[in-house]
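This one's a predicted model, so the numbers in the text were calculated from it and none came from an experiment. Sequence lines set the chain letters: A, B, ... in the order given, protein chains first and strands last, and positions in each chain run from 1. Quick note: numbers below take in every heavy atom, side chains included, and nothing from hydrogens, waters or symmetry partners.
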There are 2 protein chains.
Amino acid sequence: MSNFSACAVCGDQSSGKHYGVSCCDGCSCFFKRSVRRGSSYACIALAGNCVVDKARRNWCPSCRFQRCLAVGMNAAAVQEERGPRNQQVALYRSGRRHAPPSQAPPSPTPHSQALHFQILAQILVTCLRQAKANEQFALLDRCQQDAILQVVWSEIFVLRASHWSLDISAMIDGCGDEQLKRLICEAHQLRADVLELNFLESLILCRKELAISAEYAVILGSHSNAALISLARYTLQQSNYLRFGQLLLGLRQLCLRRFDCALSCMFRSVVRDILKTL
Amino acid sequence: MSNFSACAVCGDQSSGKHYGVSCCDGCSCFFKRSVRRGSSYACIALAGNCVVDKARRNWCPSCRFQRCLAVGMNAAAVQEERGPRNQQVALYRSGRRHAPPSQAPPSPTPHSQALHFQILAQILVTCLRQAKANEQFALLDRCQQDAILQVVWSEIFVLRASHWSLDISAMIDGCGDEQLKRLICEAHQLRADVLELNFLESLILCRKELAISAEYAVILGSHSNAALISLARYTLQQSNYLRFGQLLLGLRQLCLRRFDCALSCMFRSVVRDILKTL
DNA sequence: TTCGGTCAAAGTTCAGG
DNA sequence: CCTGAACTTTGACCGAA
């Protein structure tokens, strides 16, 4: 009981300093809500001198709030509301509670960034569609396809985007993601031709570690081998096995590490939705 | 006002460079925590373009984190969690805040797990020593060697451990890390022989993306090509180019994702210390 | 200088009033 | 609705190399 400290507002046990004043959780929370909502209360008794103690603090919000101010609680220390922690519910929650925090939702430069995001998302959709049309991949069940694409979408994206027919380097630069830029630049140096790209795509899409069943492991393994043989034949007749090896080594660096790339974070949540529509 | 520098993430007053970027304490700390915990956020507005400024940086962790990555903050620079500064307190700290970081006595079946950990650490040391003795890798400067090993140690470990001469499967099972077990089991299926293992090791150790300078990029590239050619010649004379391709594809799956594997977390902090002693 | 950890004081959540 | 106990996250500050 030695370190008992009283709430400056109501005399209850204080739980530490809040907004500059030693007070209890209740008064701290009450003060925060009042400031956030900009509540303006009227005294129940009209006199403005109600007693504010532990037992009666909820009787008159007006006098409680006056007392908060009187003991020096600092309204400026109340912060901006944060986003809901329970993400899923966000959209469907009651009305205006979770309107974007401030008046100016998209403010300084997000416009051009959002534009680049949109265009890159279009490219992603195209890549996924192309993947679904892949000769060997298309034979798989949809749920196996989706299970694979959820993991490898980013590899497909980097592979295809780094060899896009139009020049999208301005887009890559513009989205401001240095890591992505570096990855695409590295992948670009492979300078794979159309057929090579298709074979590499098959190798990405048919990883047997991503099989959802033992049967699929066998199927994916044989698809993978087929793609490997095709790629080998093709490159050996074009150049030599060094090229073959380099292309395969190139696959290693397509994988966006979980935290290395902003775009990866942005798109991950989008991919599932895109897959539903394909 | 003369030496004011803005946080690249939120525009607040910067407190210096953190993880490669000039930013404020808040964003630096936020980035560190996010990477450590492996947080995967979803944008609250779902659009991924929330404003991130001083007042609103706490509205949407997802967009804040994306912005951290976009401005180039380096997740690899976030180090392993260390123990509490106050060692005595370590054991008695409040309950389930986090899994015991590394050294702290593992609670459930401490004795046998610690033993397995010790033995696996021995294997890791052996792997790293072997890597340092790699013919081509040994020619590099020490700082380039260390820069590479800090990244690829886990790949080397999985490659070598999956083909260990003694049967260490009991050790792998015993450490209770399912991810590691799966990875090693997959890698084991490559059934590479001693020479193949050496060539694969060279390919892991000589990734030119990990070069610390342009000169090294060239050197590593040529070492990598040399290893590729040797491996090709060897496998083609033993079997055929399907085998060559499969071995190279196998490299993809050696990589322990940063947060997917308990052992990875355990060892990461140890690797630096081991490297110093080699 | 830039890592690391710390902990008071912000925040949110959600039964129960 | 509103309240407030329980829990999480933030960031200013400090020590170490």
Side-chain angles (χ1 to χ4, degrees), chain A residues 5 7 9-10 12-37 39 41 54-62 64-65 73-90 93-95 97-98 101, chain B residues 5 7 9-10 12-37 39 41 44 54-62 64-65 73-87 89-90 93-98 101-102 269 272-273 276:
Chain A
S5 158
C7 167
V9 177
C10 72
D12 194 2
Q13 163 85 259
S14 150
S15 68
K17 282 204 171 195
H18 300 280
Y19 310 106
V21 167
S22 171
C23 63
C24 67
D25 278 334
C27 290
S28 133
C29 232
F30 170 78
F31 183 72
K32 175 183 66 190
R33 281 192 294 258
S34 301
V35 171
R36 286 252 179 86
R37 286 194 302 239
S39 318
Y41 307 108
K54 182 177 180 184
R56 283 169 282 184
R57 65 191 179 200
N58 285 322
W59 178 252
C60 176
S62 170
R64 189 185 193 181
F65 189 61
M73 290 179 80
N74 174 17
V78 175
Q79 301 175 359
E80 191 89 43
E81 186 178 5
R82 298 179 184 175
R85 228 159 14 197
N86 239 352
Q87 301 136 351
Q88 298 296 11
V89 200
R93 282 291 284 274
S94 62
R97 236 195 90 192
H98 294 304
Chain B
S5 158
C7 167
V9 177
C10 73
D12 194 3
Q13 164 82 255
S14 150
S15 69
K17 281 205 171 194
H18 300 281
Y19 311 107
V21 166
S22 170
C23 63
C24 66
D25 275 334
C27 291
S28 136
C29 225
F30 170 77
F31 185 71
K32 176 179 67 184
R33 281 191 297 258
S34 300
V35 172
R36 285 247 183 88
R37 288 196 300 235
S39 315
Y41 305 110
I44 288 176
K54 184 182 177 181
R56 284 168 282 183
R57 65 191 177 199
N58 284 321
W59 171 255
C60 176
S62 169
R64 188 186 194 181
F65 188 62
M73 290 179 83
N74 176 16
V78 175
Q79 302 172 2
E80 178 61 21
E81 187 169 1
R82 300 174 184 171
R85 230 168 7 212
N86 208 347
Q87 297 152 341
V89 194
R93 278 294 293 274
S94 63
R96 49 162 198 75
R97 228 193 87 194
H98 219 77
S102 50
S269 56
R272 182 188 306 222
D273 297 330
K276 282 182 194 152

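- Side-chain proximity of Cys29(B) to dG11(D), dT3(D), dT9(D): nearest is dG11(D).
- Two residues are said to be in side-chain contact when any heavy atoms from C-beta on lie closer than 4.5 Å; Val35(A) and Met73(A) fail this criterion.
- Atoms CZ and CZ, on Arg82(A) and Arg56(B) in that order, are 15.0 Å from each other to the nearest 0.5 Å.
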Would you list the protein and nucleotides 8-11 of chain C atom pairs, both N or O, that sit under 3.5 Å from each other?
unit_1	atom_1	unit_2	atom_2	d
dA9(C)	OP2	Lys17(A)	N	3.2
dA10(C)	OP1	Tyr19(A)	N	3.1
dA10(C)	OP2	Tyr19(A)	N	3.1
dG11(C)	OP1	Arg36(A)	NH2	3.0
dG11(C)	OP1	Gln79(A)	N	2.8
dG11(C)	OP2	Tyr19(A)	OH	2.3

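- Tyr41(B) is not listed as a side-chain neighbour of Arg64(B), based on a closest heavy-atom distance of 4.5 Å or more.
- Atom P of nucleotide dT9(D) and atom CZ of Phe65(B) are separated by 14 Å, given to the nearest angstrom.
- Rounded to whole Å, the distance from CH2 on Trp59(A) to P on dG17(C) is 19 Å.
- For Asn58(B) and dT12(C), the shortest distance from a side-chain N or O to OP1 or OP2 is not below 4.0 Å.
- Rounded to whole angstrom, the span from the CZ atom of Phe31(A) across to the P atom of dC2(D) amounts to 17 Å.
- The minimum heavy-atom distance between Gln79(B) and Arg36(B), with the atom names listed, is O-NE, 2.8 Å.
- Here the closest heavy-atom approach between residue Ile44(B) and residue Pro61(B) is recorded as CD1-CD, 4.1 Å.
- To the nearest angstrom, P of dT10(D) lies 15 Å from CG of Asp12(B).
- Within the structure, a side-chain polar atom (N or O) of Arg33(B) is placed less than 4.0 Å from OP1 or OP2 of dT10(D).
- Atom CZ in Phe30(A) sits roughly 17 Å away from atom P in dC1(D) (whole-Å rounding).
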Show me, pair by pair, the donor-acceptor contacts under 3.5 angstrom made by side chains of residues 20-31 of chain B, not counting sequence neighbours?
unit_1	atom_1	unit_2	atom_2	d
Ser22(B)	OG	Ser5(B)	OG	3.2
Ser22(B)	OG	Ser14(B)	OG	2.9
Asp25(B)	OD1	Ser15(B)	OG	3.1

